[in-house]
Each structure stands twice: as C-alpha cells, then as structure tokens.
Amino acid sequence: MPELQGSRRKLQIAIAAMVVADLIAVGVLFSPLVGSAESRRVTMSELSLALQRKTREVEPLKGIDKKIVLAKGQIGQFYQDRFAPRDSDLAAELGKLASENGVRILQAKYKQEDATGAGIVPTEIEGNFSGDYLQLVRFINALERSKQFFTVDSISLAGESQGPVKLEVKMHSYLRTGV
C-alpha cells in the first residue's frame, strides 16, 4: 500500500501542475497582451500574405545551381558565336559585309583596347566606305544584324552631289582571348 500512496501523491502533484498550466494559458489567452480574437485573425492573415509574398520572391532561386551552370554554358556559346578569335576575322567579316552590299572599303583602322576581365578585348574600328546611299544603308543594317558583334558608335556622311557617297563609321567589335 505504501507504493500506491506514493503514486497517488505524484499523480495529485501532476494534476495540480496541469491545472496551474491551464489557468496560466487561459489567463494569457484573455489578457490584453495577446489582443482580441479579431486582432489575432488579422495578424494571422497578414503573416499568411507575407509568407506567400516571400515564397514568390524566392521562387526564382529554386534550382539556382543548375541555372548558373546553364548560364555559364550560354555565355561561353555567346562568346564563341559573337566574338571573333582573331583580328583578321573581324577584317574578313567587315569585308564580306561590304562586298555583299556593294560597298567599297576605302580605309579601315583597327585598334585593340585594354582587355576586360571577362576574356574579351574591345577593338575600335574606324572605317571609310563608299557606295550609293541605299548600299550604305544596307551595309549599316548588315553590320547591326551580323553574327559578329559590331556596335556602331558614330556615322558621318560626306555627300557628293553626284557619284558615290562617302561614309565614315566608328564602331566597336570584340575579340575573345584565350583561344
């Protein structure tokens, strides 16, 4: 019987502790510290909206490790397709575009600038071209659409009243390094 007395005493202490915990929980529930039921619903709704907003914000970051690998591959392919490996390739492309559009290259100067950290070398190209107006327009359009990357910085026309029009073009292209 003494064991039953000890167990009864322990059970009474446990029940008393649970009753005290329940009273504290009820007191906290109805106290002004936690607010009304309506304010808790409003807070819950705001927190739910914040969770949805944050989830949408981080959605693009899912699978970022695979996206980085894919982007590196695309950058490498872009460099491969758009930037010439040698300066002679730039001259060849410029000559090809000029001849395809019936434009004559009177003079072309190529000046390599300092290499960037991205593995490309900007190259300034100053060229004098001649042809009729329509041929020169087509040539500029061909430059812009070329697979090689040309950016036209400035254009000036030296018009003649008769005969071919002379065009001065300053542009940039890029060479890739480490080829």
Side-chain angles (χ1 to χ4, degrees), residues 6-94 96-97 110-127 137-156 169-179:
S7 295
R8 178 180 281 173
R9 179 82 180 145
K10 289 178 185 175
L11 187 59
Q12 288 174 341
I13 291 173
I15 290 173
M18 287 192 282
V19 168
V20 169
D22 286 344
L23 291 175
I24 291 173
V26 168
V28 168
L29 182 65
F30 292 109
S31 76
L33 294 175
V34 293
S36 67
E38 182 62 27
S39 70
R40 287 191 301 262
R41 265 189 238 115
V42 169
T43 303
M44 183 69 171
S45 175
E46 290 172 356
L47 290 175
S48 178
L49 289 174
L51 176 64
Q52 289 175 357
R53 190 173 43 250
K54 294 290 182 186
T55 302
R56 271 187 256 124
E57 287 177 8
V58 298
E59 187 72 28
L61 299 177
K62 288 184 178 177
I64 193 74
D65 54 336
K66 293 173 187 164
K67 291 178 182 176
I68 289 173
V69 171
L70 177 65
K72 284 182 179 179
Q74 289 173 338
I75 289 170
Q77 189 63 44
F78 179 81
Y79 279 25
Q80 183 78 23
D81 294 343
R82 298 299 181 139
F83 301 144
R86 296 174 300 271
D87 54 355
S88 62
D89 293 333
L90 287 177
E93 179 71 11
L94 197 60
K96 183 183 98 178
L97 293 174
Y110 300 84
K111 179 183 170 190
Q112 291 186 7
E113 298 174 355
D114 294 333
T116 66
I120 57 172
V121 178
T123 303
E124 181 183 73
I125 304 169
E126 290 182 21
V137 168
R138 288 183 180 153
F139 173 67
I140 296 296
N141 284 337
L143 277 175
E144 292 175 344
R145 294 181 182 158
S146 171
K147 192 170 182 177
Q148 292 286 315
F149 202 75
F150 291 102
T151 57
V152 177
D153 299 327
S154 67
I155 297 173
S156 62
V169 179
K170 289 185 181 180
M171 62 185 118
H172 274 86
S173 189
Y174 302 89
L175 298 171
R176 63 177 187 265
T177 58
V179 177

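Just so you know, these numbers come straight off a predicted model, no measurement behind them.
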Would you check if [X] and [Y] make a side-chain contact, meaning some heavy-atom pair closer than 4.5 Å?
{"X": "Lys170", "Y": "Thr151", "result": "no"}
{"X": "Phe78", "Y": "Phe83", "result": "yes"}
{"X": "Val169", "Y": "Ile140", "result": "yes"}
{"X": "Glu93", "Y": "Phe150", "result": "yes"}
{"X": "Glu113", "Y": "Glu124", "result": "yes"}
{"X": "Leu90", "Y": "Gln148", "result": "yes"}

Would you compute the distance between atom CG of Leu143 and atom CG of Leu97 and round it to the nearest 0.5 angstrom?
5.5 Å

Would you compute the distance between atom OG of Ser7 and atom CD of Gln12 and round it to the nearest 0.5 angstrom?
11.0 Å

Intermediate values then yes/no, side-chain contact (heavy atoms from CB on, under 4.5 Å), Ile120 and Leu175:
CA-CA 5 Å; Ile120 57 172; Leu175 298 171; over 6 Å; no

Could you go through Tyr110 and Leu94, starting from their C-alpha distance and side-chain angles, then the distance that decides it, and tell me whether this counts as side-chain contact (heavy atoms from CB on, under 4.5 Å)?
CA-CA 11 Å; Tyr110 300 84; Leu94 197 60; 3.4 Å; yes

Without swapping roles, check the side chain of [X] against the backbone of [Y] for a donor-acceptor pair under 3.5 Å.
{"X": "Thr123", "Y": "Tyr174", "result": "no"}
{"X": "Arg176", "Y": "Gln80", "result": "yes"}
{"X": "Ser146", "Y": "Ala142", "result": "no"}
{"X": "Thr55", "Y": "Leu51", "result": "yes"}
{"X": "Lys72", "Y": "Lys67", "result": "no"}

Please say which of Met44, Arg40, Glu38 ends up in a side chain to side chain contact (heavy atoms under 4.5 Å, CB included) with Val42.
Glu38

Scan Leu23, Asp22, Ile24 and name whichever one has a side chain to side chain contact (heavy atoms under 4.5 Å, CB included) with Val20.
Ile24

